[in-house]
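Shown next, in structure tokens, is the structure this report addresses.
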Amino acid sequence: QTVIYTVTPTAVTGCTGNTFTISVTVNPEPVGLTSSTVICTDVAVNYDLQNNVNTSGNNLAANFSWVAAQNPNVSGERTFAQTGNIINDVLVNATNSPEVIVYTITPSSQTSGCLGNIFTISVTVNPRAKISAGLNLAQCEDTPSINLQGSATYAPNGVIWTGGLGGYSSATDPNAVYSFHSSEVDNTITFTLTALDPDGAGPCPSESSQKTLRVNELPVVVFTGLPGGAPPQMAENNLPITLFGNQIGGVFTIQPDSSNIGSTTANPNDKALFDPDAVELGSNFITYTYTDGNGCTNTATSMVSVVTN
């Protein structure tokens, strides 16, 4: 804008000179408005300062200098002068509560260089939910349930488990007990632990974490070698017999404790010598036990009756 001043000079003697004019051009300064915004942690602020001037001020094309005030609970804010119309700091909130970074903005006109009044932008940085489904798990089919061992460091609106065909003791408990379905044996189940949106209508999304559970079958365990009969019967003076297991690495044991059975050897599969003269008369219970590479154990037990001659 131009302001025109009309000047009439007058001499000390009282004589009036010719009138003349002075034109003063008044360049505009950019006008910004102190404002605020909310973001989620670990994302860029992406605040458009020119848009602030356009929508809240006088729509003047401007250059900007901006600087953040330090907050010890937030990282990523630049506390030395920056230029540009976008505040693009990536702010990381290390706490479980909202934190604020205040930016001080100095605008200047792109055409004249006139400085505008300083204004501020306050950026609230909301924390994300902090959860973990935990490590992958495995269990044997003879253990019908397991603690899922998830954790929720910060999930103010709660969490929920999904996945699997079985049942949860409480799907909203990070350490819920899961009871698998029979169809899940010899299969791997994928679970998802989801934290509901931690700031409601705010910018932070729900967070999720996954893990797997392998439900391993029990190994097949059988042995042969006892005589026929229901139950098998041997005289105490019968010759020893060899029992044959179907695995490698199992062990034969016998009850009662006062009875004895030969050591288990593998050639090629497990076997042990059963001597009726080395056991108690009456009922003896022979058990063949094997544990596979998954840590799953199964047994086969047979009773043999030892009688006198």
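Fair warning: this is a prediction, and the values are worked out from it, not measured in the lab. Side-chain atoms are counted along with the backbone in the values below, which use heavy atoms only and exclude waters and symmetry mates.
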Let's go through Thr79 and Gln70 carefully: what are the C-alpha distance in whole Å and the side-chain angles of both, what is the deciding distance for side chain to side chain donor-acceptor pair (under 3.5 Å) to 0.1 Å, and is it a yes or a no?
CA-CA 6 Å; Thr79 56; Gln70 186 176 23; 5.9 Å; no
pair [X]-[Y]: side-chain heavy atoms closer than 4.5 Å:
{"X": "Val306", "Y": "Phe274", "answer": "yes"}
{"X": "Asp186", "Y": "Arg214", "answer": "yes"}
{"X": "Cys296", "Y": "Thr291", "answer": "no"}
{"X": "Ile286", "Y": "Ile261", "answer": "yes"}
{"X": "Phe252", "Y": "Thr287", "answer": "no"}
{"X": "Asn52", "Y": "Phe119", "answer": "yes"}
{"X": "Thr8", "Y": "Thr16", "answer": "yes"}
{"X": "Thr19", "Y": "Val7", "answer": "no"}

Keeping [X] on the side-chain end and [Y] on the backbone end, is there a donor-acceptor pair under 3.5 Å?
{"X": "Asp292", "Y": "Asn294", "result": "yes"}
{"X": "Gln82", "Y": "Phe80", "result": "yes"}
{"X": "Ser209", "Y": "Ala133", "result": "yes"}
{"X": "Asn175", "Y": "Gln149", "result": "yes"}
{"X": "Thr41", "Y": "Pro127", "result": "no"}
{"X": "Asp173", "Y": "Ser169", "result": "no"}

Do you know which two heavy atoms are closest between [X] and [Y], and how far apart they sit?
{"X": "Pro240", "Y": "Pro276", "value": "CA-CD, 4.2 Å"}
{"X": "Gly84", "Y": "Trp66", "value": "O-NE1, 3.2 Å"}
{"X": "Pro30", "Y": "Leu60", "value": "N-CD2, 3.5 Å"}
{"X": "Asn246", "Y": "Asn269", "value": "O-ND2, 3.7 Å"}
{"X": "Ala81", "Y": "Val67", "value": "N-CG2, 4.0 Å"}
{"X": "Ile4", "Y": "Ser23", "value": "CG1-OG, 3.8 Å"}

Please step through side chain to side chain contact (heavy atoms under 4.5 Å, CB included) for the pair Ser305 and Val307, ending with a clear verdict.
CA-CA 6 Å; Ser305 179; Val307 298; 4.0 Å; yes
To the closest 0.5 Å, what do you measure between [atom1] ([X]) and [atom2] ([Y])?
{"X": "Asn51", "Y": "Asn59", "atom1": "CG", "atom2": "CG", "answer": "10.0 Å"}
{"X": "Thr265", "Y": "Ile248", "atom1": "OG1", "atom2": "CD1", "answer": "11.5 Å"}
{"X": "Asn88", "Y": "Asn46", "atom1": "CG", "atom2": "CG", "answer": "7.0 Å"}
{"X": "Ile39", "Y": "Cys204", "atom1": "CD1", "atom2": "SG", "answer": "8.5 Å"}
{"X": "Asn63", "Y": "Gln50", "atom1": "CG", "atom2": "CD", "answer": "8.5 Å"}
{"X": "Gln255", "Y": "Ser283", "atom1": "CD", "atom2": "OG", "answer": "12.5 Å"}

After noting the C-alpha distance and the side-chain angles of Gln210 and Thr190, does the key distance pass the side chain to side chain contact (heavy atoms under 4.5 Å, CB included) rule?
CA-CA 7 Å; Gln210 289 189 324; Thr190 299; 4.0 Å; yes
What side-chain donor-acceptor pairs closer than 3.5 Å can you find for residues 217-236, not counting sequence neighbours?
none

Arg128/Asp199 salt bridge by N-O under 4.0 Å criterion:
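Salt bridge: no.
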Is the number of heavy atoms from other residues, nucleotides or ligands within 6.0 Å of OH (Tyr5) greater than 12?
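Counting neighbours around OH of Tyr5, 12 or fewer heavy atoms of other residues, nucleotides or ligands fall under 6.0 Å, so no.
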Report, as yes or no, whether the 6.0 Å neighbourhood of atom CG on Asn237 holds more than 12 heavy atoms from other residues, nucleotides or ligands.
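Yes, the 6.0 Å shell around CG holds more than 12 heavy atoms from other groups.
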Do [X] and [Y] land in one hydrophobic cluster if side-chain heavy atoms of ILVMFWY residues count as linked below 4.5 Å?
{"X": "Val123", "Y": "Val43", "value": "yes"}
{"X": "Ile22", "Y": "Val3", "value": "yes"}
{"X": "Ile241", "Y": "Leu281", "value": "yes"}

Checking Leu33 against Val53 for the side chain to side chain contact (heavy atoms under 4.5 Å, CB included) test, could you report, in this order, the C-alpha distance in whole Å, the side-chain angles of both residues, the deciding distance, and whether it holds?
CA-CA 7 Å; Leu33 179 68; Val53 172; over 6 Å; no
Of Thr299, Thr264, Thr301, Asp270, which is the lone residue that meets side-chain hydrogen bond (donor to acceptor under 3.5 Å, both in side chains) with Tyr288?
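The residue from Thr299, Thr264, Thr301, Asp270 that satisfies side-chain hydrogen bond (donor to acceptor under 3.5 Å, both in side chains) with Tyr288 turns out to be Asp270.
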Which atom pairs, donor and acceptor, lie under 3.5 Å between side-chain atoms of residues 89-116 and protein residues at least two apart or in another chain?
{"from": "Asp89", "atom 1": "OD1", "to": "Arg78", "atom 2": "NE", "distance (Å)": "2.6"}
{"from": "Asp89", "atom 1": "OD1", "to": "Arg78", "atom 2": "NH2", "distance (Å)": "3.0"}
{"from": "Asp89", "atom 1": "OD2", "to": "Arg78", "atom 2": "N", "distance (Å)": "3.0"}
{"from": "Asp89", "atom 1": "OD2", "to": "Tyr103", "atom 2": "OH", "distance (Å)": "2.8"}
{"from": "Asn93", "atom 1": "OD1", "to": "Thr95", "atom 2": "N", "distance (Å)": "2.8"}
{"from": "Asn93", "atom 1": "OD1", "to": "Thr95", "atom 2": "OG1", "distance (Å)": "2.8"}
{"from": "Asn93", "atom 1": "ND2", "to": "Ser97", "atom 2": "O", "distance (Å)": "2.8"}
{"from": "Asn93", "atom 1": "ND2", "to": "Val125", "atom 2": "O", "distance (Å)": "2.9"}
{"from": "Thr95", "atom 1": "OG1", "to": "Ser97", "atom 2": "N", "distance (Å)": "3.2"}
{"from": "Thr95", "atom 1": "OG1", "to": "Ser97", "atom 2": "O", "distance (Å)": "2.9"}
{"from": "Asn96", "atom 1": "OD1", "to": "Lys130", "atom 2": "NZ", "distance (Å)": "2.8"}
{"from": "Glu99", "atom 1": "OE1", "to": "Asn71", "atom 2": "ND2", "distance (Å)": "3.2"}
{"from": "Glu99", "atom 1": "OE2", "to": "Asn73", "atom 2": "ND2", "distance (Å)": "3.3"}
{"from": "Ser109", "atom 1": "OG", "to": "Thr111", "atom 2": "N", "distance (Å)": "3.2"}
{"from": "Ser109", "atom 1": "OG", "to": "Thr111", "atom 2": "OG1", "distance (Å)": "3.1"}
{"from": "Ser109", "atom 1": "OG", "to": "Ser112", "atom 2": "N", "distance (Å)": "3.3"}
{"from": "Ser109", "atom 1": "OG", "to": "Ser112", "atom 2": "OG", "distance (Å)": "3.3"}
{"from": "Gln110", "atom 1": "NE2", "to": "Ala62", "atom 2": "O", "distance (Å)": "2.9"}
{"from": "Ser112", "atom 1": "OG", "to": "Cys114", "atom 2": "N", "distance (Å)": "3.2"}

Could you go through the side chain to side chain contact (heavy atoms under 4.5 Å, CB included) check for Ile121 and Ser35 one step at a time?
CA-CA 5 Å; Ile121 303 296; Ser35 186; 3.9 Å; yes
Candidate pair Asn284 and Ser259, rule side chain to side chain donor-acceptor pair (under 3.5 Å), full reasoning
CA-CA 8 Å; Asn284 287 267; Ser259 293; 2.5 Å; yes
In the hydrophobic cluster built from side-chain contacts under 4.5 Å, what are the other members alongside Val159?
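Its cluster mates, by chain and number, are Ile131, Leu137, Ile146, Leu148, Trp161, Tyr168, Tyr178, Phe180, Val185, Ile189, Phe191, Leu193, Leu213, Val215.
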